[in-house]
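What follows is a single structure, written as structure tokens, with notes after it.
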Amino acid sequence: MLTLNAIRTQTDEVIERLSLRGKDRKNDVLEILSTDEQKRSKQTELEQALAKSNVLAKEIGELFKSGEAEKANLLKNESLALKENIKSLELEQLDLEQLLTAKLYELPNTPSTKVKLGYGADDNETVYEWGNDPILPANPLPHWELTDKYKLVDFELGNKITGAGFPVYTGKGARLQRALINFFLDEALAAGYYEIQPPILVNEASGIGTGQLPDKEGQMYHSTIDNLYCIPTAEVPITNMYRDVLLKENELPIKNVGYTPCFRREAGSYGAHVRGLNRLHQFDKVEIVQIARPDQSYEILEEMVEHVKGLLTKLGLKFRILRLCGGDMGFASALTYDFEAWSGAQQKWLEVSSTSNFETFQANRLKCRFKNKEGKNELVHTLNGSALALPRIVASLLENNQTEDGINLPECLHPYLGFQKI
RNA sequence: GGAGAAAUGGCAGAGCGGUUGAAUGCGGCAGUCUUGAAAACUGUUUUAGUGAAAGCUAACGGGGGUUCGAAUCCCUCUUUCUCCGCCA
């Protein structure tokens, strides 16, 4: 959620930046400003009534003490009448406040200056590309045939025990998963990240904190009996560790990494493009999360991009980095880089990481601040990135490295795998 | 799951209906002293909203209630501790 302060003091810039998302938000912003004004004047009115009531209560107390019960009772009546007024003012103020919050929740983050105006995936800019086209056998197999051929992933079995989108990894397929997770975690540790193993069920407050709730309610699996949600990404629990936290400046930046399974309902996305491992309801991901001082956050975003770049390079996968345009960026993000690995047999790019700076958008909801040099509490910037999401990496690895007589796995994984070839 | 106890400022810990935003101690910050430091002494030390400011308002785990007035009484939820049960 954007800060009211930014909306109030930099109104024109906020409107201008939001328009980069390909939609004019001027009216929304102006409505927020007028609602805020109404709320504040109602609040002033309420506070004045409360002040009066406090004075009366004090006087009554003193009168009782000095034994002037009659006078006290007179004042009591006055106070009672005031109370009615306070109650209705409270309700009105609360209504306005809820309206204001609802409107603020609906407003996406303001894109950073680097973001180009755009309306969808076609307007994204490719900012980096690495690797050569894989050399493939005559009739390369898509990964869902390779996983079948070498008994790596059993989709049918997953259908049976859970449903579509919940594959069972078997044998070398399962070991490849484990190797990738360990490789990604170790690389992050070497880059100075601190390992976290968070819960994979979170409460409502956490969902609100990182912005999944209330708008993306339908995208998460929800245990209604306990009112807990399955996490769609480790970002949710790991960022929420800092909900309602006041950090010291010297604690920043905080660099955390966590491996978790991720659960996404992916409501409404079915069809041929979701075959095999391309889109799942449950998948594994290693996520890097940083909490940073505002003046450092863009430098840190670059550092995170470099980290992800390094992983893909070591895996030897042809990939590209896109800087997302305004229209394709997530709701909470100010700047996002997507990483796409080339999938040789499918002949298409698969998104394997999304690395973003949220600036204060999440921190504002989370109330995560730090005490700055002037001793003032200031909102932190939050950043996160996949490093990396497994299924599409597996898809690319299998497809790009297939030969007539097996699949050669990259060297960086050998120590983790205990084998080199499938 | 059952029975009981508890939740107060950065921490420890008073308060249990009326100038208590909250005693006291520790810690933090500033100063005096000192060549410097320690000790000692003095002062200061929560956050948010609103306002030009003075000020005003709110917050003693969360929510609700009683009352002219609640940290203090009642209800409820959450969490922690102790005992019992169950269990990887």
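Naming: A, B, ... by sequence-line order, numbering from 1 per chain.
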* Structure fact -> Per-nt protein contacts along nucleotides 59-74 of chain B (heavy atom under 4.0 Å; B base, S backbone sugar-phosphate only, - none) come out as --------BBS-----
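In RNA chain B, stems built from 3 or more consecutive Watson-Crick or G-U wobble pairs, each with both distances under 3.5 Å, span B:1-7 with B:78-84, B:10-12 with B:24-26, B:27-32 with B:40-45, B:46-50 with B:55-59, B:61-65 with B:73-77.
Using atom C1' as the reference point in both B/rC60 and B/rU46, the two lie 12 Å apart (nearest Å). Distance check on atom C1': B/rC74 versus B/rC16 gives 14 Å, rounded to whole Å. Taking the P atoms as reference points, B/rU72 lies 12 Å from B/rG18, given to the whole Å. B/rC86 and B/rA3 have their C1' atoms separated by 16 Å, with the value rounded to a whole Å. Rounded to a whole angstrom, the distance from the C1' atom of B/rA71 to that of B/rU82 is 26 Å. B/rA30 sits 46 Å from B/rU66 when the C1' atoms are compared, rounded to a whole Å. Rounded to whole Å, the separation between the P atoms of B/rG61 and B/rA70 comes to 15 Å. Distance noted for atom P between B/rC41 and B/rU76: 50 Å (whole Å).
Heavy atoms of A/N54 sit under 4.0 angstrom from primed sugar atoms or phosphate atoms, though from no base atom.
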* Asked: A/S297 and A/N357: side chain to side chain donor-acceptor pair (under 3.5 Å), yes or no, with the steps?
  -> CA-CA 7 Å; A/S297 71; A/N357 187 353; 2.9 Å; yes
* To do: Start with the C-alpha gap between A/N109 and A/E359, add the side-chain angles, then the distance that decides, and say whether side chain to side chain donor-acceptor pair (under 3.5 Å) holds.
  => CA-CA 9 Å; A/N109 200 357; A/E359 297 188 359; 5.3 Å; no
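Contact annotation: the side chain of A/I254 approaches that of A/L247 to within less than 4.5 Å [non-hydrogen atoms, C-beta and beyond].
Applying the ring pair (Phe, Tyr, Trp, His ring centres under 6.0 Å) test to pairs two or more places apart or on separate chains, those with a residue in residues 361-380 of chain A are A/F331-A/F361. A salt bridge (Lys or Arg N to Asp or Glu O under 4.0 Å) check over residues 291-306 of chain A, counting only residues at least two apart or in different chains, returns the pairs A/K114-A/E302, A/E249-A/R293, A/K255-A/E303, A/R293-A/D295, A/E306-A/K309. Screening residues 77-90 of chain A for salt bridge (Lys or Arg N to Asp or Glu O under 4.0 Å), with sequence neighbours left out, gives no hits.
Spacing between atom CG of A/L94 and atom P of B/rA58 amounts to 16 Å, rounded to whole angstrom units. Going from atom NZ of A/K248 over to atom C1' of B/rC29 covers 14 Å, rounded to whole Å. One interatomic measurement links the two molecules: CG of A/L89 to P of B/rA58, which rounds to 13 Å at whole-angstrom precision. In this structure, the CD atom of A/E90 is 11 Å from the C1' atom of B/rA58, given to the nearest Å.
Shown here are the side chain to side chain contact (heavy atoms under 4.5 Å, CB included) partners of A/Y194, two or more places apart in sequence or in another chain: A/I196, A/N256. Here A/K172 pairs with A/L152, A/F419, A/I422 under the side chain to side chain contact (heavy atoms under 4.5 Å, CB included) rule; sequence neighbours left out. Take A/E235 and apply the side chain to side chain donor-acceptor pair (under 3.5 Å) test, not counting sequence neighbours, and it matches A/Q362, A/N384. Under the side chain to side chain contact (heavy atoms under 4.5 Å, CB included) criterion, A/T360 pairs with A/T3, A/L379, A/H381, sequence neighbours left out. By the salt bridge (Lys or Arg N to Asp or Glu O under 4.0 Å) test, A/E106 is found to be paired with no residue, residues two or more places apart in sequence or in another chain being considered.
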Side-chain donor-acceptor pairs under 3.5 Å in residues 23-34 of chain A, sequence neighbours left out?
from, atom 1, to, atom 2, distance (Å)
A/D24, OD1, A/K26, N, 3.3
A/R25, NH1, A/D28, OD2, 3.3
A/E31, OE1, A/K103, NZ, 2.7
A/S34, OG, A/E31, O, 3.3

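Between A/E62 and A/K52, the one whose closest nucleotide on RNA chain B sits nearer the 5' end is A/E62.
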Close N/O contacts between protein and nucleotides 46-55 of chain B (under 3.5 Å):
from, atom 1, to, atom 2, distance (Å)
B/rU47, OP1, A/K371, NZ, 2.9
B/rU47, O3', A/N377, ND2, 3.4
B/rG49, O2', A/Q43, NE2, 2.6
B/rG49, N2, A/E47, OE1, 3.0
B/rU50, OP1, A/R8, NH2, 3.0

